[in-house]
Amino acid sequence: MSPTYPFSAIVGQDSLKTALLLCAVNPAIGGVLIRGDKGVAKSTAARGLVELLPAIATVQGCHFNCPPGEPAAACDHCRDLKAKAVEKPVPFVNLPLGATEDRVLGSLDFERALKEGRRTFQPGLLAAAHRGLLYIDEVNLLGDHLVDVLLDVAAMGVNTVQREGLAISHPARITLIGTMNPEEGELRPQLLDRFGLMVDVAAPKEPAVRAEVVRRRIAFEGDATVFRDGWETAQAELRRRLIAAQACCRM
């Protein structure tokens, strides 16, 4: 896996970083839509946010990210008394534009159906993104069939699937992060309403700022480990403040 560019090392783009941090502090805000041209750190900021978030407690091998002791109705795995509680990073799931509805929602596991002769649910991307972030690059180009799915899930926090005789529901509490280039088309109003925040970003115009962006990027690509080590103190401080803000929000 490629190393992640540190969130703290992003030059400028204060509105973008603030919006992402607000959604991390309180997911009930409803996610964020980031609009702007290519090369303005939209994807970099979204991916970098995950490293700041505290790990979640779940069950080893669970496909639904169930909290220990709170198995989803569709999750047989977490009902096993031998299931082991673990901590893992907050899920960050990328939803490809070409994804099928079955890939997103989940579907019948045909392989197990053929081998074992019984209907079994194969969780999709929404199950993987539960309790985490669902990232959609170029969200304005997403097919209408997937937009409708996301509207339902974002509103209810539950994914309901009816496929080949299966009727399954599982939690899908997700924070939507979408990016788009307005020049490539607008977003459907129904989906636009599901984002709690919207940020317009643009490339910096000041020569000194642009030069610093290039310098940092060259340094990161030259030796990502050394670059990341140099920003670990800033990352740790921002992580501490984020966790404290989350605690205040829960009071």
Side-chain angles (χ1 to χ4, degrees), residues 1 4 7 19-34 42-68 70-75 77-78 86-107 109 121-143 145-161 163 168-180 187 191-192 194-197 242 246:
M1 181 181 296
T4 303
F7 189 91
L20 288 171
L21 289 171
L22 286 172
C23 288
V25 170
N26 184 7
I29 286 176
V32 58
L33 174 65
I34 308 166
K42 301 191 299 293
S43 300
T44 299
R47 296 179 189 281
L49 178 67
V50 180
E51 287 195 333
L52 301 176
L53 301 176
I56 61 171
T58 185
V59 176
Q60 189 173 43
C62 174
H63 295 293
F64 296 90
N65 296 319
C66 297
E70 302 177 34
C75 186
H77 176 82
C78 289
V86 296
E87 288 193 343
K88 73 174 190 177
V90 168
F92 182 90
V93 176
N94 181 48
L95 196 160
L97 293 178
T100 64
E101 190 170 318
D102 282 352
R103 179 74 183 97
V104 176
L105 291 172
S107 63
D109 188 334
F121 181 63
Q122 177 66 49
L125 296 177
L126 292 176
H130 175 50
R131 303 173 65 197
L133 311 177
L134 185 66
Y135 174 72
I136 314 168
D137 194 16
E138 298 180 332
V139 62
N140 51 320
L141 304 182
L142 198 65
H145 64 295
L146 294 182
V147 170
D148 293 336
V149 166
L150 290 177
L151 289 173
D152 291 340
V153 173
M156 304 298 295
V158 175
N159 178 34
T160 299
V161 184
R163 290 285 189 280
I168 298 290
S169 293
H170 67 80
R173 295 188 298 276
I174 57 178
T175 298
L176 286 175
I177 298 179
T179 64
M180 60 176 285
L187 191 63
L191 186 53
L192 180 62
R194 292 302 175 189
F195 288 98
L197 298 172
L242 175 59
Q246 289 178 327

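Heads up: numbering here begins at 1 and tracks the sequence.
Atom CG of Leu242 is separated from atom CG of Leu22 by 10.0 Å, given to the nearest 0.5 angstrom. To the nearest 0.5 Å, atom OH of residue Tyr135 and atom CD1 of residue Ile177 are 8.5 Å apart. Between Ile34 atom CD1 and Ile136 atom CD1 the span is 11.5 Å, to the nearest 0.5 Å. Expressed to the nearest 0.5 Å, how far CG of Leu97 lies from CG of Asp137 amounts to 7.0 Å. With values rounded to the nearest 0.5 angstrom, His130 atom NE2 is found 14.5 Å from His63 atom NE2. Within the model, atoms CG of Leu141 and CE of Met180 stand 8.5 Å from one another, a figure rounded to the nearest 0.5 Å.
Between Leu150 and Leu126, the closest side-chain pair of non-hydrogen atoms falls below 4.5 Å. Residues Asn65 and Lys88 have side chains in contact (heavy-atom distance under 4.5 Å, counting atoms from C-beta outward). By the 4.5 Å heavy-atom criterion applied to side chains, Phe92 and Arg47 are counted as neighbours. Here the side chains of Glu138 and Asn140 are in contact, with some heavy-atom distance below 4.5 Å. The side-chain heavy atoms of Leu52 and Leu21, taken from C-beta on, include a pair separated by under 4.5 Å. Taking the side chain as every heavy atom from C-beta outward, Val59 and Pro71 never approach each other to under 4.5 Å. Contact annotation: the side chain of Leu33 never approaches that of Leu197 to less than 4.5 Å [non-hydrogen atoms, C-beta and beyond]. When side chains are defined from C-beta on, Cys23 does not count as touching Leu133, because their heavy atoms never get closer than 4.5 Å.
Closest non-hydrogen pair, Val104 versus Leu146, comes out as CG2-CD2, 3.7 Å. Between Ile56 and Pro91, the shortest heavy-atom contact is CD1-CD, 3.8 Å. Of all the heavy atoms in Pro68 and Ala57, the pair that sits closest is CD-O, 3.4 Å. The shortest heavy-atom contact between Phe195 and Gly178 is CE2-N, 3.7 Å. The nearest pair of heavy atoms linking Pro96 to Leu125 is CD-CD1, 4.0 Å. Ala24 approaches Gln246 most closely through the heavy-atom pair O-NE2, 3.0 Å.
Not one N or O on the side chain of Arg103 forms a donor-acceptor pair closer than 3.5 Å with the backbone of Leu95. Looking at Thr58, its side chain never comes within 3.5 Å of a backbone N or O of Pro67 through a donor-acceptor pair.
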